[in-house]
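Here is the structure we will look at, set down as structure tokens.
Note: hydrogens, waters and symmetry copies are ignored here, and every other heavy atom, side chains too, is used. Chain identifiers are assigned alphabetically (A, B, ...) following the order of the sequence lines, protein sequences preceding nucleic acid strands; residue numbering begins at 1 within each chain.
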Protein chains: 2
Amino acid sequence: MAQLSDNIEQFIKDLMHEDARVDLRRNELAQHFGCAPSQINYVLATRFSVDHGYIIESRRGGGGYVRIVRMQTRSESGFLDMLLNRVGNSISEETANAIISNLAEKGMVTGNEAALIRSAIARSALSLPVSSKNVLRAAVFRNMLIQVFRNYEEGKRDDV
Amino acid sequence: MAQLSDNIEQFIKDLMHEDARVDLRRNELAQHFGCAPSQINYVLATRFSVDHGYIIESRRGGGGYVRIVRMQTRSESGFLDMLLNRVGNSISEETANAIISNLAEKGMVTGNEAALIRSAIARSALSLPVSSKNVLRAAVFRNMLIQVFRNYEEGKRDDV
DNA sequence: CTATATTGACCATCTTTGACTATTATAAAC
DNA sequence: GTTTATAATAGTCAAAGATGGTCAATATAG
């Protein structure tokens with residue numbers, strides 16, 4: 001089932017296992033995977049966004065490159081502030097999921113916890129319009145309970 | 001005479017004989033049985049629901065799949081069933097917290113997970129009235145993020 | 001007759017590609 | 001040395017492809 005995009009993502013993450021920064025040639029990488037160069041941009045956009053905790057820099061022309069940098073966080077409280085700011089008053093499920101992935105990659109939440117958070121903020125959990133907090137709470141809680149049992153079933157293993 | 005749905009159900013259950021989890025291609029399976037793809041959804045909805053002890057996950061697009069996950073034992077899925085029933089359509093924060101404590105006592109969730117669930121369904125997280133899912137999601141997510149960092153700063157300790 | 005099953009039309013989401021554009025380095029011309 | 005042409009990169013965006021989801025109409029089994 002592994003998709004081209006997933007393979008490229010993994011390839012890059014392997015490269016970054018040691019270093020917080022990696023440079024690569026877009027065209028070379030595309031050739032290595034036998035795909036269109038713009039495919040690389042797609043992977044970067046969907047898996048290495050700022051919300052995922054990465055910054056992309058690049059340069060065109062001879063000797064051009066694409067640089068992927070894993071963002072560093074100074075302090076935990078600063079990081080939390082930044083995240084709360086990013087979330088703000090409104091956030092899409094996709095953006096939230098990117099942030100959750102980032103937290104999981106950083107080891108700040110376990111895979112189970114990440115899944116639990118996802119289940120609480122999923123579109124399907126937030127039934128609107130809703131008349132009372134109790135009704136809304138039930139919807140969110142139900143989703144989380146199901147998630148708990150999914151985790152429990154897998155023997156608390158962390159695969160997300 | 002065995003219905004198509006029964007055959008598909010059996011086929012999937014055979015696949016799951018060994019593993020508690022199986023991934024399949026909806027279209028492939030439909031083709032295998034010479035039926036409409038949506039027939040697969042029907043089978044999943046009627047025979048692999050949460051009530052039946054299964055959880056369905058899926059992904060669209062290239063490399064898409066349908067994943068069926070079985071909960072470990074009948075008693076566990078029965079327990080979940082009971083809980084979902086108890087939650088029903090509406091639940092107070094107090095009742096929900098009691099359920100969460102019970103799950104923690106049984107060791108089905110860690111202390112961190114319990115705290116995370118509480119933070120998602122707290123009165124303060126469920127800001128109503130609210131105009132959009134994104135706004136509501138932000139409120140819930142913010143609460144959970146704060147909880148994540150509280151857990152993390154406490155050294156990932158699990159005290160309930 | 002009623003409950004269950006089946007299908008098909010239409011929708012939503014994710015991925016891959018290709019044509020066109022933008023930028024930079026290097027070599028050539030002056 | 002500056003200007004100009006050419007090659008070498010990378011970026012953007014929209015279209016096409018590849019899946020799966022939903023729902024209402026219809027058919028079938030009991």
Side-chain angles (χ1 to χ4, degrees), chain A residues 1-12 21-52 54-69 92-98 101 118 121-127 143 160, chain B residues 1-12 21-52 54-69 133-134:
Chain A
M1 303 282 167
Q3 249 9 70
L4 177 53
S5 287
D6 297 332
N7 292 337
I8 297 174
E9 173 187 8
Q10 198 50 55
F11 183 86
I12 294 174
R21 170 180 138 176
V22 68
D23 284 13
L24 41 84
R25 295 297 186 97
R26 189 182 76 147
N27 286 348
E28 262 182 26
L29 193 55
Q31 196 156 27
H32 180 263
F33 281 98
C35 65
S38 55
Q39 178 75 33
I40 307 302
N41 298 82
Y42 175 76
V43 173
L44 295 179
T46 56
R47 286 126 157 110
F48 294 89
S49 70
V50 169
D51 289 320
H52 283 97
Y54 297 88
I55 291 175
I56 306 296
E57 299 164 357
S58 70
R59 207 171 168 173
R60 309 186 190 191
Y65 60 87
V66 174
R67 173 173 299 160
I68 306 167
V69 185
S92 72
E93 185 170 359
E94 291 70 33
T95 304
N97 277 334
S101 298
R118 284 201 180 90
I121 61 165
R123 253 182 289 272
S124 58
L126 306 176
S127 49
N143 238 42
V160 183
Chain B
M1 177 175 42
Q3 301 283 297
L4 176 53
S5 286
D6 296 333
N7 293 337
I8 297 174
E9 173 187 9
Q10 199 49 55
F11 183 86
I12 294 174
R21 169 178 138 176
V22 69
D23 284 12
L24 42 84
R25 297 293 184 104
R26 188 183 76 148
N27 286 350
E28 262 181 27
L29 193 56
Q31 196 156 28
H32 181 264
F33 282 97
C35 65
S38 54
Q39 177 74 32
I40 307 302
N41 298 82
Y42 176 75
V43 174
L44 295 178
T46 56
R47 285 127 156 110
F48 294 89
S49 66
V50 168
D51 303 339
H52 286 92
Y54 296 87
I55 292 174
I56 307 295
E57 299 165 355
S58 70
R59 194 172 169 190
R60 308 186 189 189
Y65 60 85
V66 175
R67 173 173 300 161
I68 306 167
V69 183
K133 289 198 182 195
N134 282 358

With sequence neighbours left out, the residues meeting salt bridge (charged side-chain N to carboxylate O under 4.0 Å, His left out) with Arg21(A) are none
Take atom [atom1] of [X] and atom [atom2] of [N], then tell me their distance rounded to the nearest Å.
X        : N       : atom1 : atom2 : answer
Tyr42(A) : dA15(D) : OH    : P     : 17 Å
Gln3(B)  : dT28(D) : CD    : P     : 11 Å
Arg25(B) : dG21(D) : CZ    : P     : 13 Å
Asn41(B) : dT19(D) : CG    : P     : 16 Å
Glu57(B) : dT19(D) : CD    : C1'   : 17 Å
Leu4(B)  : dA27(D) : CG    : P     : 17 Å
Gln39(A) : dA10(D) : CD    : P     : 15 Å
Tyr65(A) : dA10(D) : OH    : P     : 11 Å

Which residues pass the side-chain hydrogen bond (donor to acceptor under 3.5 Å, both in side chains) test with Gln31(B), not counting sequence neighbours?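 So Gln31(B) forms no side-chain hydrogen bond (donor to acceptor under 3.5 Å, both in side chains) with any residue.
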How far does [atom1] of [X] sit from [atom2] of [Y], to the nearest 0.5 angstrom?
X        : Y        : atom1 : atom2 : result
Leu24(A) : Leu44(A) : CG    : CG    : 7.5 Å
Arg47(A) : Asp6(A)  : CZ    : CG    : 5.0 Å
Ile40(B) : Asn27(B) : CD1   : CG    : 9.0 Å

- Message: For a 4.5 angstrom cut-off between non-hydrogen side-chain atoms, does Arg118(A) reach Ser101(A)?
- Response: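 Side-chain contact under 4.5 Å: yes.
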5'-most contact on DNA chain C (nearest-nucleotide basis), Arg47(B) vs Gly62(B), goes to Arg47(B)
Requested in this report: Please figure out whether Arg59(A) or Val43(B) has its closest DNA chain C nucleotide nearer the 5' end.
Outcome: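 Closest to the 5' end, via its nearest nucleotide, is Val43(B).
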Per the under-4.0 Å heavy-atom filter, residues of residues 27-37 of chain B near DNA chain C come out as Cys35(B), Ala36(B)
For [X], report the nucleic acid contact type (base, sugar-phosphate, nothing); a contact means any heavy atom under 4.0 Å.
X        : value
Gly64(A) : sugar-phosphate
Ser58(A) : sugar-phosphate
Ser38(B) : base

Across all chains, not counting sequence neighbours, the ring-ring contact (aromatic ring centres under 6.0 Å, His included) partners of Phe33(B) are Phe11(B)
For Tyr42(B), the ring-ring contact (aromatic ring centres under 6.0 Å, His included) test, sequence neighbours excluded, returns none
Outer limits of DNA chain C sitting under 4.0 Å from a non-hydrogen atom of chain A, read 5' to 3', are dC14(C) to dA25(C)
Margin query: For dG11(D), does the base pair up with any side-chain atom of Arg26(A) as donor and acceptor (N or O, under 3.5 Å, distance only)?
Written below: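 Indeed, a donor on one side and an acceptor on the other fall under 3.5 Å apart.
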- Backbone N or O of Asn41(B) within a donor-acceptor pair of the Ser38(B) side chain at under 3.5 Å?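 Flag not set: sc Ser38(B) to bb Asn41(B) has no pair under 3.5 Å.
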